[in-house]
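Nothing here was measured: the structure is a model prediction, and the numbers come from that model. The first residue in the sequence is number 1, and the count goes up from there.
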Amino acid sequence: MTKFINPGLAPTSRRNILRGSVLAGAAAVTGGAAFSMPKRAPVPRDPLPETLHRVADPETAQAAPPADLSGYTRIKQELVAPPFAPEHEQVATGGPKIIEVTMDTTEQLMVVDEDTGASVWALTYNGSVPGPLIICHEGDMVELTLRNPHDSMMEHNIDFHASTGALGGGGLTHVYPGEEVVLRWKATKPGVFTYHCAPGGAMIPYHVCHGMNGALMVLPRDGLMDADGNPLHYDSIAYFGEQDYYLPRDENGDFKTYDAAGDDYADSLDAMRTLVPTHQVFNGAVGALTGDGALRAKVGETVLMVHNSCNVDSRPHLIGGHGDYVWESSFTDPPLTGMETWFVRGGGGAAAMYTFQQPGVYAYVNHNLIIGALLGATAHFVVDGDWNNELMEQVVAPRPFEA
């Protein structure tokens, strides 16, 4: 018998997103519950096209002169589950480093919406949607060990938008179940970048729309700065992955269920061709970052909001706050300032910095409010501290008035 992991998401509270009891319910994106089902043959991969081999042939890469790694020191980065960030330096000390990371391509049954029972066989990096945030500095090298567990049903790989060559590494990282590969590449462009699985053909959107994507942040060696070159510091990072799902329905309109990863392939392609997501959520599920899963902060704390959207455009807005500094593109470009809403391009990432000034609940939403309120793309910050009437005051509470 082959065991398939069910991450056992906690119950979510449906649609209490922009009103009402904003702290009710939550969904976790990882967990340990498991169940057994019959062993299935892995989904076969199609042969890579000849043109792909010409640009990403491992033998050609091995025949090139070896990389000069003199002057580099090795650092093992312990990846953590979203919405959190791994330990890192904001300003690089010493010379360039080789950042060692390891990720497993796990296939997990995940509840997308507890109220409707919608679920998906998520294809993940390290068991979370999105995959973990990786952080390095410009000039560093990232050395990834990518492992595909023996009980997987599918082939996987990884395309780093921050890297150069071989389809972002996608051409050099194809792994069958039971295989691992090691890829090293140099971070030459500062910014927030997507990574995702790209096995080829229709399997590319299938894997991406089943959660197999994440973000990598390349910081400038001197850290973040404003337009005048003054250093900017953050106290914490909040990492958002915006995920669009296209879940098949049966003839009654109910969401279908499947026994194993890959069983929904044909149905999912039909649903994806509509270009109309059934869900568009932050961090894997409706309510994943509300209720018990809400992000915590304090008045005076500066948070860097890192937002990845691998497949669809997004328009983040922090209700009750702003983007003090926003990088929609490279960290080498001066940040936008005082933004009410900013733009995250599909297939990319962005970062926004804000210092909280009032206590209470802030909703971080896709400000296409249909997506935010009806499809699930909302998160909450719960901020502790003292209220400042200079910034806002309810002068008169609601009361009846005479016509």
| field | Evaluation steps, side-chain contact (heavy atoms from CB on, under 4.5 Å), between Asn388 and Val299 | value | CA-CA 10 Å; Asn388 183 354; Val299 169; over 6 Å; no
Just so I know, are the side chains of [X] and [Y] near enough to count as touching, which here means a heavy-atom distance under 4.5 Å?
X      : Y      : result
Phe255 : Val112 : no
Leu216 : Phe160 : yes
Ile135 : Ile237 : yes
Lys186 : Thr164 : no
Tyr246 : Arg273 : no
Val182 : Glu143 : yes
Cys209 : Asp244 : yes
Asn308 : Val192 : no

Does [X] use its side chain to pair, donor to acceptor, with the backbone of [Y] at less than 3.5 Å?
X      : Y      : value
Glu242 : Ser314 : no
Asn252 : Asp254 : no
Asp140 : Lys97  : yes
Ser128 : Pro82  : no
Asn366 : Phe282 : no
Asn157 : Gly170 : yes
Asn283 : Gly241 : yes
Gln243 : Val129 : no
Tyr125 : Cys197 : yes
Arg221 : Gly95  : yes

For [X], all residues meeting salt bridge (charged side-chain N to carboxylate O under 4.0 Å, His left out), sequence neighbours excluded:
X      : result
Lys298 : none
Arg249 : none
Asp222 : none

Centroid-to-centroid, [X] to [Y], below 6.0 Å?
X      : Y      : result
Trp121 : Tyr258 : no
His161 : His196 : yes
Tyr195 : Phe193 : no

Donor-acceptor pairs under 3.5 angstrom involving side-chain atoms of residues 320-329: please list them, not counting sequence neighbours.
unit_1	atom_1	unit_2	atom_2	d
Asp324	OD2	Thr355	N	3.0
Glu328	OE2	Phe343	N	2.8
Ser329	OG	Asp333	OD2	2.8

| said: Testing Val181, Val101, Asp104, Thr102 one by one against Thr145 for a side chain to side chain contact (heavy atoms under 4.5 Å, CB included), which residue passes? | reply: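 Between Thr145 and the candidates, side chain to side chain contact (heavy atoms under 4.5 Å, CB included) is satisfied uniquely by Thr102.
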| Result of checking Glu155, Glu180, Met212 against Thr105 for side chain to side chain contact (heavy atoms under 4.5 Å, CB included) | Met212
Got a sec: does the [atom1] of [X] have more than 12 other heavy atoms crowding it under 6.0 Å?
X      : atom1 : value
Asp250 : CG    : yes
Glu393 : CD    : yes
Leu391 : CG    : yes

Could you report the tightest heavy-atom contact between [X] and [Y], atom names first, then the distance?
X      : Y      : value
Asp313 : Gly346 : OD1-N, 2.7 Å
Asp159 : Ala198 : CB-CB, 4.4 Å
Met110 : Gly284 : CE-O, 4.3 Å
Asn148 : Pro177 : ND2-N, 3.4 Å
Pro86  : Gln77  : CG-OE1, 3.5 Å
Leu375 : Val286 : O-CG2, 4.3 Å

| From Asp292 CG over to His380 NE2, what is the distance, rounded to the nearest 0.5 angstrom? | 13.0 Å
| field | Distance, nearest 0.5 Å, that separates CD of Gln280 from CG of Asn368 | value | 7.5 Å
| task | Go through the steps for Asn213 and Asn311 under the test side-chain contact (heavy atoms from CB on, under 4.5 Å), then give the verdict. | result | CA-CA 9 Å; Asn213 58 88; Asn311 204 51; over 6 Å; no
| query | Do Gln108 and Thr124 have a side chain donor and acceptor closer than 3.5 Å? | reply |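 Absent: no donor and acceptor within the cut-off.
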| Going by atom types alone, do Ser236 and Glu301 pair a side-chain donor with an acceptor below 3.5 Å? |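 Note: Ser236 and Glu301 side chains meet the donor-acceptor criterion.
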| field | Identified salt bridge (Lys or Arg N to Asp or Glu O under 4.0 Å) partner of Glu100 from the options Arg184, Lys76, Arg74 | value |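 With Glu100 as partner, Arg184, Lys76, Arg74 yield a single salt bridge (Lys or Arg N to Asp or Glu O under 4.0 Å), made by Arg74.
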Would you call the rings of [X] and [Y] parallel, tilted or perpendicular, taking 30° and 60° as the class edges?
X      : Y      : answer
His317 : His367 : perpendicular
His207 : His156 : perpendicular
Tyr245 : His279 : perpendicular

| request: Dump the intermediate steps for side-chain contact (heavy atoms from CB on, under 4.5 Å) on Phe331 and Leu219, then the final yes or no. | output: CA-CA 7 Å; Phe331 285 142; Leu219 290 168; 4.1 Å; yes
| Partners passing side chain to side chain donor-acceptor pair (under 3.5 Å) against Thr274 (at least two apart in sequence or in another chain) |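 Listed in chain order: nothing, the list is empty.
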| Residue list, side chain to side chain donor-acceptor pair (under 3.5 Å) with Asp264, at least two apart or on another chain | Tyr206, His210, Ser268
| request: Start with the C-alpha distance between Tyr362 and Tyr364, add both sets of side-chain angles, then the distance that settles ring-ring contact (aromatic ring centres under 6.0 Å, His included), and finish with yes or no. | output: CA-CA 6 Å; Tyr362 294 70; Tyr364 182 94; over 10 Å; no
| request: Apply the test side-chain contact (heavy atoms from CB on, under 4.5 Å) to residues Arg147 and Val175: give CA-CA distance (whole Å), side-chain angles for both, the deciding distance (0.1 Å), then the verdict. | output: CA-CA 7 Å; Arg147 304 183 302 201; Val175 282; over 6 Å; no
